[in-house]
Amino acid sequence: MPSQDVISAAEELRNGGVVAFPTETVYGLGADVTNHAAVLRVFALKGRPAHNPLIVHVADESMATTVAGHWPEAAKALARSFWPGPLSIVVEKAELIPPVVTAGGSTVCVRCPLHPTALALIEETARPLVGPSANPSGGVSPTTAAHVRSAFPDLTVLDGGPCQIGIESTVVRFTDDGIEILRPGAICAENIEQATGLKATLFSHKGLERTLQSPGLLSKHYAPTTRTRIVFGDELLTVDLNRAVVLTQFDDPDIPHKIVMPTDAHGYAARLYDALRSADELQVDEIIIVAPTGDGPPGVWLAIADRISRASATDENGEP
Ligand code: TXA
Ligand code: MG
């Protein structure tokens with residue numbers, strides 16, 4: 001039996017409401033994918049540009065086949081290896097999906113989240129749910145219910161505790177000769193290659209083409225309001241440490257305002273957004289991120305590098 005909270009949240013969703021829900025990556029802003037007005041409200045709440053399509057959340061692979069016009073063999077292989085889990089798959093969309101969800105495009109991005117509350121909510125609603133990250137557009141994604149409430153105090157928020165992964169899902173799409181990773185995440189190229197036997201390549205990091213292919217992947221994203229910079233090694237010596245807060249992996253007594261970050265990739269990812277939010281609240285002149293390294297999959301470090309470079313980008317085109 002789902003909890004009373006999930007049952008009433010599902011009812012709210014079936015009545016065209018918007019509800020925030022936890023996933024293993026970040027919290028999402030849920031709405032019934034088939035309800036045009038509810039989906040529009042999600043765009044309005046986030047201040048999200050209409051040209052940026054939403055991810056559709058499903059309870060299992062069979063629900064995914066109802067939102068996809070075509071479900072290729074490679075999608076089957078990925079779903080069987082990684083779902084429920086932090087992988088979003090771009091496929092041709094089904095009629096069922098209103099154009100507002102896909103920003104008028106012919107493809108839909110679909111994922112099955114690895115979180116009991118999210119799965120219970122989708123099952124109880126009995127509909128696929130749109131679920132962009134539950135933050136105002138361009139800001140830092142929320143990894144706790146409190147983060148969501150701080151931006152959307154009037155919204156129903158299902159509290160599923162802190163997100164275990166902490167950065168958004170990997171987004172992939174199929175090409176004629178392989179798989180393109182549009183957004184790196186905890187599931188890496190080598191995991192994807194092993195599961196499908198296809199070559200997986202990271203879509204180019206910058207440039208107009210990327211922006212047009214997946215508009216949400218603008219360079220400036222996941223950004224705190226305080227100016228944020230990445231420094232490498234000795235560059236830290238040039239920073240005015242009295243006016244900055246430093247995200248560092250070493251508990252250096254000479255740094256007055258610091259947040260000590262984990263040294264393993266999964267731990268770092270899980271902590272990153274909460275650290276950026278805490279740093280932002282200190283209202284210093286600058287947030288300094290010391291370029292991280294450490295144990296764990298190189299692909300997860302790559303996803304972390306992607307997020308911190310966006311957090312520190314200074315304009316929408318990523319040209320500092
Ligand atoms: O981990 C996640 O994916 C979280 C949780 C809540 O599930 N959701 C999330 O959604 O990050 P959002 O909307 O903040 O990011 C979705 C990304 C955007 O960059 C968007 O441009 C891209 O996926 N996207 C959505 N539909 C697409 C499509 N049809 N083709 C290419 N990219 C698409
Ligand atoms: Mg987002």
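Atoms within each ligand, like the ligands themselves, are counted from 1 in listed order. For clarity, every value in this text was computed on a predicted model and none was experimentally measured.
Those atoms of ligand 1 that come under 4.0 Å of a heavy atom in Ser133, given as number and element, are 8 (N), 9 (C), 10 (O), 12 (P), 14 (O). Those atoms of ligand 1 that come under 4.0 Å of a heavy atom in Cys109, given as number and element, are 25 (C), 26 (N), 27 (C), 29 (N). Per-residue contacts place Ser169 under 4.0 angstrom from the following atoms of ligand 1 (heavy atoms of the residue considered): 1 (O), 2 (C), 3 (O). Near Gly28, with a cut-off below 4.0 Å to any heavy atom, the atoms of ligand 1 are 6 (C). The ligand atoms of ligand 1 that sit less than 4.0 angstrom from a heavy atom of His57 are 5 (C), 6 (C), 7 (O).
In this structure, Leu182 is part of the shell of residues with a heavy atom less than 4.0 angstrom from ligand 1. Under a 4.0 angstrom heavy-atom cut-off, Gly131 registers as being in contact with ligand 1. For the ligand labelled ligand 1, residue Arg48 lies inside the 4.0 Å heavy-atom shell.
Atom CG of Leu54 is separated from atom NZ of Lys46 by 8.5 Å, given to the nearest 0.5 angstrom.
Put simply, the side chain of Arg183 gets close to the backbone of Ser169: a donor and an acceptor are under 3.5 Å apart. At distances below 3.5 Å, not a single donor-acceptor pair connects side-chain atoms of Glu286 with backbone N or O atoms of Ala244. When atom types are taken as modelled, the side chain of Asn15 and the backbone of Glu11 share a donor-acceptor pair closer than 3.5 angstrom.
Among residues at least two apart or in separate chains, ring pair (Phe, Tyr, Trp, His ring centres under 6.0 Å) pairs with a member in residues 68-90 are Trp71-Trp83.
Which of Thr25, Thr170, Asn52 comes nearest to atom 20 (C) of ligand 1 through a heavy atom is settled by distance: it is Asn52.
Residue Ser133 counts as close to the Mg ion (ligand 2), with an N, O or S atom under 2.8 Å.
With a 4.0 Å cut-off on non-hydrogen atoms, Arg111 touches ligand 1 through its side chain and not its backbone. Counting heavy atoms closer than 4.0 Å to ligand 1, residue Thr107 contributes atoms from both its backbone and its side chain.
Of the residues Ile289, Ile287, Ile288, Ile259, the one that meets the side chain to side chain contact (heavy atoms under 4.5 Å, CB included) test with Val246 is Ile288.
A salt bridge links Lys199 with Glu193: the closest approach of a Lys/Arg side-chain nitrogen to an acidic carboxylate oxygen falls below 4.0 angstrom.
Judged as a side-chain contact (heavy atoms from CB on, under 4.5 Å), and not counting sequence neighbours, the contacts of Ala291 are Ile230, Phe232.
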